[in-house]
Amino acid sequence: MADPFHPLRFWHLNALLGSLLVLATFVTVCNAQCFVIPRENIPGNLPNECKDLDGVTHPMNSKWKTKSCQECSCDQHGISCCNTVAIPADYDTTKCEKIFNEKTCSYKVVERNDPEKTCPVSGWIM
């Protein structure tokens with residue numbers, strides 16, 4: 001009969017729990033809205049750069065932030081971009097409104113009748 005308290009059994013349990021923790025963290029981090037623009041082998045499209053949807057070229061392995069607050073990067077597969085702005089989702093939409101600040105890439109939620117007063121937000125979407 002196998003010993004239920006054998007150290008190897010606890011090692012396997014710890015490894016399983018550790019793996020689940022890493023997976024849960026990975027899922028949380030990857031909950032952003034992302035998209036990929038694949039590299040195309042087009043004449044004039046140099047292998048050491050990527051061309052975005054606006055026709056702007058970016059060096060290989062570079063990173064940048066767009067006007068719409070997305071973080072993008074260029075690699076051998078193409079351009080990957082992810083939204084970095086948390087959008088308020090659970091607030092009183094009758095009494096309050098969300099206002100986007102392009103400079104800080106963030107929203108604030110304020111009262112419609114008194115924009116100096118902030119409103120409570122219970123949920124955000126990435």
Side-chain angles (χ1 to χ4, degrees):
M1 180 188 253
D3 179 7
F5 300 105
H6 191 274
L8 190 57
R9 184 176 300 268
F10 285 110
W11 181 86
H12 287 290
L13 182 60
N14 284 340
L16 175 63
L17 291 174
S19 297
L20 290 174
L21 178 63
V22 168
L23 180 61
T25 302
F26 181 71
V27 168
T28 301
V29 170
C30 292
N31 196 19
Q33 299 168 349
C34 300
F35 63 92
V36 175
I37 304 168
R39 277 185 47 83
E40 296 180 17
N41 294 326
I42 300 173
N45 193 6
L46 299 176
N48 60 347
E49 62 185 25
C50 298
K51 190 176 287 191
D52 67 22
L53 296 175
D54 296 325
V56 177
T57 58
H58 302 274
M60 187 66 63
N61 301 317
S62 64
K63 294 183 178 185
W64 65 96
K65 192 175 239 182
T66 68
K67 292 177 190 174
S68 57
C69 301
Q70 295 170 332
E71 288 185 358
C72 298
S73 62
C74 168
D75 64 22
Q76 69 272 13
H77 302 293
I79 296 177
S80 301
C81 296
C82 290
N83 179 31
T84 60
V85 180
I87 302 167
D90 190 11
Y91 63 94
D92 184 345
T93 56
T94 305
K95 178 182 174 184
C96 306
E97 65 181 335
K98 62 184 176 184
I99 298 174
F100 184 67
N101 184 328
E102 290 181 7
K103 290 184 180 179
T104 62
C105 290
S106 63
Y107 281 96
K108 69 178 179 177
V109 180
V110 296
E111 290 187 10
R112 292 181 190 274
N113 295 334
D114 187 358
E116 296 299 316
K117 291 184 182 177
T118 59
C119 295
V121 179
S122 328
W124 297 81
I125 299 172
M126 268 307 281

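For reference, positions follow the sequence shown, starting with 1.
Closest approach of Y107 and A86 over heavy atoms only: CD1-O, 3.5 Å. When every heavy atom of N83 is checked against every heavy atom of I87, the shortest pair comes out as ND2-CD1, 4.4 Å. Of all the heavy atoms in D75 and C50, the pair that sits closest is O-SG, 3.7 Å. Of all heavy-atom pairs between V121 and A89, the closest is CG1-N, 4.4 Å.
Distance OG1/T57 to CG/N48: 9.5 Å, rounded to 0.5 Å. Q76 CD to M60 CE: the interatomic distance, rounded to the nearest 0.5 Å, is 6.5 Å. Atoms NZ and SG, on K98 and C119 in that order, are 13.5 Å from each other to the nearest 0.5 Å. In this structure, D52 CG and Q70 CD are separated by 10.5 Å, a value rounded to the nearest 0.5 Å.
Listed by chain and residue number, nothing satisfies the ring-ring contact (aromatic ring centres under 6.0 Å, His included) test with F35 (two or more places apart in sequence, or in another chain). Evaluation of the salt bridge (charged side-chain N to carboxylate O under 4.0 Å, His left out) rule for E111 yields K95 as partners, not counting sequence neighbours. Every residue meeting the side chain to side chain donor-acceptor pair (under 3.5 Å) condition with T66, not counting sequence neighbours, appears here in chain and number order: S68. Partners of S62 by side-chain contact (heavy atoms from CB on, under 4.5 Å), not counting sequence neighbours, listed by chain and number: H58, P59, W64, C74. Residues meeting the side-chain contact (heavy atoms from CB on, under 4.5 Å) test with T94, sequence neighbours left out: D92. Under the salt bridge (charged side-chain N to carboxylate O under 4.0 Å, His left out) criterion, K65 pairs with no residue, sequence neighbours left out.
At a threshold of 4.5 Å between non-hydrogen side-chain atoms, the residues K63 and S73 count as touching.
Formation of a donor-acceptor pair under 3.5 Å by the T84 side chain with backbone atoms of C69 is found in this model.
When the side chains of ILVMFWY residues are joined at heavy-atom separations under 4.5 Å, either directly or via intervening members, V109 and M126 end up in two distinct hydrophobic clusters. Transitive grouping of hydrophobic side chains (ILVMFWY, heavy atoms separated by less than 4.5 Å) brings F100 and W124 into a common cluster.
The side-chain contact (heavy atoms from CB on, under 4.5 Å) test with V110 singles out one residue from E116, K117, E97, and that residue is E97. The side-chain contact (heavy atoms from CB on, under 4.5 Å) test with I79 singles out one residue from I37, L53, V36, and that residue is I37.
The SG atoms of C34 and C81 are placed at least 2.5 angstrom from each other.
Other residues, nucleotides and ligands contribute at most 12 non-hydrogen atoms within 6.0 Å of the CG atom of N113.
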